[in-house]
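Heads up: the structure comes next, in structure tokens.
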Amino acid sequence: MIVDTASKVGQDFGLEYWEAQDKAKSFPWECWQAICDTGLAAVLLPEENGGAGLGMLEMALIVEALAEGGAGSTLGQLFMINPIFGGVSIEQFGTEEMKAELLPKLANGELNFCMALTEPDSGSNTLDMKSFAKEDGDGWRLRGQKIWITGVSSAGKMLVVCRTRKLEDVEKPTQGISMFLIDTDRKGLSHTPIDKLGTHTLSASSVFFDDVRIEPHELIGTLHNGWRELLQVLNTERIVTTAGLIGAGKLATRLAVEYGNERKVFRNRPVTAYQGIQFPLAESHAELECARIMNLRAANLCDLNQPYGSEANMAKLVAARATMHAIERSMQTMGGMGYAREYHVERLWRDARLFKFAPVSEEMILNFIATHNLGMPKSY
């Protein structure tokens, strides 16, 4: 029933809707509100805070179905910024006051979130972040810069990850990191948009903190020891990203098959009758199904409170590659029309290409697998 509901919402806001939003570079407010109104955005949240009290498995299935309806991979980002960056961080590490005030607003679509993590000079080396919150009375003053922060322009709250102890003052690099949930409309906080290839429905920005005041009640999790808590947020981020990719790959394959079954060039036979067209699409379908099963396994392990980092990372690695394969084979099946905006596949390509290096790059995932799963020495 959950999947059927998500599929209906996804189809209600189909290809033409997302094409218009992409051209306008506009946040999909109507679609997100419909997702919230049907309860899909709050599937993870406790019932007392307006949610369904379900798990990551249900969320992964929801994102897949919504993305396959027409949105493509960027749909996963809507769940990344709100139910993950907002919902998971508050539900797991926020105060009771935070939960009571903010989670119902997330559930009903009143409040959007974003997370400020990546920095210009550290990139994937999160532990080398320079943004620093200095103690100021009972609170803090934050100075620093972040880059490629998704959804700032549409968010009311920002999950900020920064140092509260400098790297040279701690025994281990994982120490001295804290998370805060602050207003995006605050003195000293500014942001500028980054013009980019795709995912136009969600802005990406450089963010600047110039002596931004942080209040004591805005701390999320454990002061100076937020690294492990951050990882719990990021691993769930992998799951919704992968689910969006799988939905996009399925959508691209469906568009290719529909087009190819109608397109006749030689001897009045559809082009999909030829194995040169069939086999690549069949291969990408098999790859997507394998990525999907691994992602659902990661989601299930998450719900069982068992380790799932390896599964989530492997699923994301395979899904990003399989989705790009599916989209490019869809374009190849359509020939010149695959390059035309009216057939939508070019948007799917522009959006999905991001996820071969974001939110974590292929190379960093391979590093993780090599060290954590294969026991090789760390190279970074």
Side-chain angles (χ1 to χ4, degrees), residues 32 36 41-46 48-56 59-60 63 76-118 126-127 129 131 133 140 142 146 148-152 154-164 174 176-184 186 189 202 207 209 212 214-241 299 302-303 305 308-309 312 359-360:
W32 182 246
C36 293
V43 65
L44 283 181
L45 302 183
E48 59 267 26
N49 295 125
L54 298 174
M56 284 302 301
M59 179 166 284
V63 172
Q77 290 185 294
L78 290 176
F79 279 75
M80 177 186 75
I81 59 176
N82 287 319
I84 300 300
F85 294 163
V88 170
S89 62
I90 295 170
E91 200 277 322
Q92 292 193 17
F93 308 115
T95 64
E96 292 304 315
E97 292 76 14
M98 270 187 192
K99 294 175 186 179
E101 177 190 359
L102 300 179
L103 292 182
K105 293 180 180 179
L106 188 160
N108 65 25
E110 182 180 345
L111 183 62
N112 272 13
F113 295 79
C114 63
M115 180 169 74
L117 175 61
T118 305
T126 302
L127 295 174
M129 72 176 72
S131 295
W140 299 266
L142 173 62
K146 302 290 185 177
W148 287 110
I149 307 307
T150 301
V152 180
S154 57
K157 290 287 185 179
M158 175 185 289
L159 181 66
V160 179
V161 185
C162 62
R163 284 206 164 271
T164 45
T174 54
I177 291 174
S178 303
M179 298 190 295
F180 301 96
L181 191 64
I182 69 173
D183 300 322
T184 55
R186 179 162 295 185
L189 193 161
L202 283 169
V207 179
F209 305 106
V212 175
I214 300 177
E215 301 299 336
H217 68 272
E218 294 176 317
L219 175 68
I220 286 265
T222 311
L223 183 64
H224 307 314
N225 289 297
W227 173 249
R228 295 295 174 190
E229 296 161 345
L230 171 64
L231 291 182
Q232 292 189 50
V233 177
L234 295 180
N235 280 333
T236 52
E237 174 195 42
R238 307 276 191 273
I239 293 173
V240 296
T241 299
C302 176
D303 292 339
N305 293 315
Y308 65 96
V360 61

With a 4.5 Å cut-off on side-chain heavy atoms, are [Y] and [X] touching?
| X | Y | value |
| --- | --- | --- |
| L159 | I90 | no |
| E91 | N49 | no |
| M56 | V240 | yes |
| T118 | K146 | no |
| T222 | E229 | yes |
| M158 | L181 | no |

So the ring pair (Phe, Tyr, Trp, His ring centres under 6.0 Å) pairs with at least one residue in residues 76-110 (sequence neighbours excluded) are W32-F79

Over 12 foreign heavy atoms within 6.0 Å of CZ, R186
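Above 12, so yes.
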
Euclidean distance, [Y] [atom2] relative to [X] [atom1], rounded to 0.5 Å:
| X | Y | atom1 | atom2 | answer |
| --- | --- | --- | --- | --- |
| I214 | D183 | CD1 | CG | 11.0 Å |
| N225 | L230 | CG | CG | 13.0 Å |
| L202 | T150 | CG | OG1 | 6.5 Å |
| Q232 | E237 | CD | CD | 14.0 Å |
| R228 | T174 | CZ | OG1 | 6.0 Å |
| C36 | L78 | SG | CG | 9.5 Å |

Could you give me the CA-CA distance, side-chain angles and deciding distance for L223 and W140, then say whether side chain to side chain contact (heavy atoms under 4.5 Å, CB included) is met?
CA-CA 12 Å; L223 183 64; W140 299 266; 3.7 Å; yes

Donor-acceptor pairs under 3.5 Å, side chain of residues 100-111 to any protein atom, not counting sequence neighbours: which ones?
from : atom 1 : to   : atom 2 : distance (Å)
N108 : OD1    : E110 : N      : 2.8
N108 : ND2    : P104 : O      : 3.3

Verdict with reasoning, H217 to T95, per side chain to side chain contact (heavy atoms under 4.5 Å, CB included):
CA-CA 8 Å; H217 68 272; T95 64; over 6 Å; no

Which atom pair, heavy atoms only, marks the closest approach of [X] to [Y]?
| X | Y | answer |
| --- | --- | --- |
| M59 | P83 | CE-CB, 3.4 Å |
| T184 | L189 | O-CD2, 3.6 Å |
| F180 | A133 | CE1-CB, 4.2 Å |
| M129 | C162 | SD-CA, 3.4 Å |
| I149 | M115 | CG2-O, 3.2 Å |
| A52 | V43 | CB-O, 3.8 Å |

With side chain to side chain contact (heavy atoms under 4.5 Å, CB included) as the criterion, how do V207 and V160 come out once you've worked through the C-alpha distance, each side chain's angles and the decisive distance to 0.1 Å?
CA-CA 11 Å; V207 179; V160 179; over 6 Å; no

Residue of the set L234, T241, T236 for which side chain to side chain contact (heavy atoms under 4.5 Å, CB included) holds with I84:
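Going through L234, T241, T236 one by one, the side chain to side chain contact (heavy atoms under 4.5 Å, CB included) with I84 is satisfied by T236 alone.
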
Using modelled atom types only, decide if a donor and an acceptor are shared between the side chain of R163 and the backbone of L127 within a distance under 3.5 Å.
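Indeed, once roles are kept as given, a pair shorter than 3.5 Å links the two residues.
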
Polar side-chain atom of N82 near backbone of F113 as donor-acceptor pair, under 3.5 Å
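Confirmed, N82 side chain pairs with F113 backbone.
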
Taking salt bridge (charged side-chain N to carboxylate O under 4.0 Å, His left out) as the test, write out the residues that go with E97, two or more places apart.
none

Stepwise, does the side chain to side chain contact (heavy atoms under 4.5 Å, CB included) test hold for L54 with D303?
CA-CA 9 Å; L54 298 174; D303 292 339; over 6 Å; no

